[in-house]
Amino acid sequence: MAEPYDTLLQVQGHDTELDQLRHRIEALPERTALADVRARRAALAATLTEVGAQVDGLAARQSALEEQIAASARRRHELEERMRSGAVTASRDLQAMDAEVNQLADRQRALEDEELELMEEEEPLDVALAERQAEAVALEAEEARLVAAVAEAEAGLRASIDTVAAARAAVAAGLPEDLAERYERLRSHLGGVGAARLVGGRCDGCHLTLPSVELERINNLPEDQLATCPQCDRILVH
Ligand SMILES: [Zn+2]
């Protein structure tokens, strides 16, 4: 191995490391966990809205019942007052009023039973709502923790990228321009690997063994002469 190929392999090493660092930023486990928490929060918000609407519906029915109960009680109270006042003396009228008072009392009991049923129906919904709300608070805290964890991990990786990129730039400055261009072109469409070593008759880029005729031809080339893999076209450092 001779220059500039030794330098080229160093550049390739730095580029591979940079690609791995960038991939690690994309694939941070904290980022995956964050997306999961956000999806769970969205689903929970939908459930909260749904249960909340059910509770509101029951509460509205309950307050309508309470109004009816109050109106019924008021009417009964009025009748009882009039009966007690002595203003009504005819027994037929008093009997009719007494019958209405009894009817109103029956109606009030029925409405109160209905209200009790509503309250029983609402109880488990209130419990569910409180549980989901507590879960939402916990998820919100978890999201905040993960946002910070992603930022921290990302900052660490970006610092590494800066360090490696600086080292790469320093090494790459020593490459002849045409070789650097050829390498970049190959790298861009061959999965990030533009230059590979020839190891034991195999190209370290495509991992295929070279035909013996090609191998012999490359082995006979002067060390400083450019060779390429006949299979993948990468610059082959021999
Ligand atoms: Zn190859």
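Indexing begins at 1, ligand by ligand and atom by atom, following the structure's order. Numbers here simply count residues along the sequence, with the first being 1.
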ask   = Counting distance only, does the side-chain N/O of Arg234 pair as donor-acceptor with the main-chain N or O of Val193 below 3.5 Å?
value = yes
ask   = Quick one: does Gln12's side chain have a donor or acceptor within less than 3.5 Å of a partner on Gly192's backbone?
value = yes
remark   = The expected count of protein N/O/S atoms at less than 2.8 Å from the Zn ion (ligand 1) is 4
query = Measuring from Glu3:CD to Leu175:CG, what's the distance to the nearest 0.5 Å?
reply = 8.5 Å
request  = Please lay out, stage by stage, how Asp224 and Tyr5 fare under the test side-chain hydrogen bond (donor to acceptor under 3.5 Å, both in side chains).
outcome  = CA-CA 8 Å; Asp224 61 351; Tyr5 303 107; over 6 Å; no
task = To the nearest 0.5 Å, tell me how far Ile218 CD1 sits from Leu210 CG.
result = 5.0 Å
ask   = Say you draw a straight line from CG of Leu118 to CG of Asp113; how long is it, rounded to the nearest 0.5 Å?
value = 11.5 Å
